[in-house]
Amino acid sequence: ICLVRIVTADHRPAFDQAGIVLQTEAPETPVWVTADPTRLTQVMDNLLMNAAKFTDPGGRVGVRLAADQEGRHAVLTVWDTGVGLDQDMAPRLFEAFAQSDRSLARSKGGLGLGRALVKGLVELHAGQVGAVSDGPGRGAKFTVVLPLEPEPAALSQTPGEPPPAGARLRILLIEDNRDAAESLRLLLEMYGHGVTIACTGADGVKAGIEGRPDVIVCDIGLPGLDGYGVAVALR
């Protein structure tokens, strides 16, 4: 769940700039899979960039994560209100060099390798990927299905149970992307730590001096006073 939120947060500025609404829907209860997070990030990156490329300004793109009704699979869906697909295109969409843009100019087309990469990575994780559309101009929906895993034993302690003595840290998180900051805060708090968020470099320096945290996690690319400046000021 955290990976989905973090990846969509990373793409949100590009969607905002393109005038496309990006929606994220994920359950409060984590959905666990055994996977390489770097490769799953590549899968989501490709699906989101593809959705943005084929959706006009004013359109919508959504990301939904859920467990299936049988509780056996994690299901990630990326849908859009974009140009859609021909009925005969969907079965071939994940083949190498398959083109979903058949116009003479192919102004939005590429080599068609990205979706083949998605298929390969998902299948390496014992999963499946598919695409459906109601036709040209009616959007498309891409679905990734992966085997669901039980909650890791290390995280299955009773809710509200205090962390082991001495394990709780006071962490200052300096991050201007609110979605990314909230996702990381949720993850750190799940491990029993206390988290304070600052959204600018100047606020981060102030919070660091006043709060004296045990750990500071600071973004480099902050507007105004960047991460390097924050480190110099705190030092």
Side-chain angles (χ1 to χ4, degrees), residues 1-31 35-53 55-65 76-82 114 155 163 167-235:
I1 183 172
C2 289
L3 184 62
V4 170
R5 293 190 184 279
I6 289 171
V7 172
T8 52
D10 287 343
H11 283 265
R12 191 173 299 280
F15 277 80
D16 291 343
Q17 186 174 6
I20 301 171
V21 176
L22 177 60
Q23 304 171 209
T24 305
E25 181 183 350
E28 292 298 327
T29 303
V31 175
D36 182 335
T38 300
R39 301 304 168 224
L40 288 191
T41 297
Q42 284 182 284
V43 168
M44 286 186 281
D45 282 344
N46 187 279
L47 294 178
L48 283 168
M49 288 188 292
N50 189 73
K53 181 164 61 174
T55 302
D56 292 329
R60 292 179 296 129
V61 172
V63 180
R64 182 176 185 269
L65 174 68
L76 174 70
T77 304
V78 179
W79 57 267
D80 63 67
T81 60
L155 301 179
R168 179 180 173 87
L169 296 173
R170 294 174 297 111
I171 300 175
L172 170 60
L173 175 59
I174 308 173
E175 168 63 73
D176 62 313
N177 186 309
R178 174 58 66 175
D179 287 338
E182 287 297 329
S183 297
L184 186 52
R185 178 184 66 80
L186 288 171
L187 176 64
L188 293 170
E189 288 181 346
M190 185 173 68
Y191 282 91
H193 302 301
V195 181
T196 299
I197 295 176
C199 294
T200 68
D203 287 344
V205 171
K206 181 179 178 181
I209 293 173
E210 294 178 352
R212 308 293 291 181
D214 301 303
V215 176
I216 297 176
V217 180
C218 183
D219 185 18
I220 296 296
L222 296 168
L225 184 65
D226 63 17
Y228 295 112
V230 170
V232 170
L234 289 173
R235 183 179 297 138

Pairs flagged by side-chain hydrogen bond (donor to acceptor under 3.5 Å, both in side chains) wherever residues 197-208 is involved - sequence neighbours left out:
Thr200-Asp203
Just to verify, what does Asp179 make a side-chain contact (heavy atoms from CB on, under 4.5 Å) with, not counting sequence neighbours?
Ala9, Arg12, Asn177
Of all residues at least two apart in sequence or in a different chain, which pass the side-chain contact (heavy atoms from CB on, under 4.5 Å) check with Val215?
Leu169, Ile171, Val217
Does the side chain to side chain contact (heavy atoms under 4.5 Å, CB included) test come out yes or no for Thr55 and Phe15, once each step is laid out?
CA-CA 10 Å; Thr55 302; Phe15 277 80; over 6 Å; no
Residue set satisfying side-chain contact (heavy atoms from CB on, under 4.5 Å) with Gln23, at least two apart, ordered chain then number -> Val21, Arg60, Trp79
Compare all side-chain heavy atoms of Asp176 with those of Pro223 and state whether any distance is below 4.5 angstrom.
yes
If you look only at pairs with a residue in residues 18-27, which of them pass as a salt bridge (Lys or Arg N to Asp or Glu O under 4.0 Å), with sequence neighbours excluded?
Glu25-Arg64
Verdict with reasoning, Leu48 to Leu22, per side chain to side chain contact (heavy atoms under 4.5 Å, CB included)
CA-CA 10 Å; Leu48 283 168; Leu22 177 60; 4.1 Å; yes
Pro213 to Leu172 - nearest heavy-atom pair and separation:
CG-CB, 3.7 Å
First locate atom CG of Asp45, then atom CG of Leu40, and finally report the distance between them rounded to the nearest 0.5 Å.
11.0 Å
Residues Gly194 and Arg168: closest non-hydrogen pair is CA-NH2, 3.4 Å
Roughly how far apart are Ile174 CD1 and Thr196 OG1, rounded to 0.5 Å?
10.5 Å
Backbone N/O of Arg5 and side chain of Thr8: donor-acceptor pair under 3.5 Å:
yes
How many angstroms lie between atom CD1 of Ile20 and atom NE2 of His11, to the nearest 0.5 angstrom?
12.5 Å
Would you list the pairs meeting salt bridge (Lys or Arg N to Asp or Glu O under 4.0 Å) in which at least one residue belongs to residues 209-231, sequence neighbours left out?
Arg170-Asp214
Would you name the heavy atoms of Pro27 and Leu65 that are closest together and state the gap between them?
CD-O, 3.0 Å
Measure the CG-CG distance between Leu184 and Leu173 for me, rounded to the nearest 0.5 Å.
5.0 Å
Interatomic distance, CG@Leu47 vs CG@Asp80, rounded to 0.5 Å, equals 10.5 Å
Heavy-atom closest contact (Leu222 atom, Gly227 atom, distance)
CD1-N, 4.2 Å
Heavy atoms only: give me the nearest Ile6-Ser183 pair and the separation to one decimal.
CG1-CB, 3.8 Å
Decide yes or no for Val63 and Met44: does some side-chain heavy atom of the first lie under 4.5 Å from some side-chain heavy atom of the second?
no
Using the salt bridge (charged side-chain N to carboxylate O under 4.0 Å, His left out) criterion, which residues pair with Arg185? Sequence neighbours excluded.
Glu182, Glu189
By side-chain contact (heavy atoms from CB on, under 4.5 Å) - contacts of Ile220 (at least two apart)
Tyr228
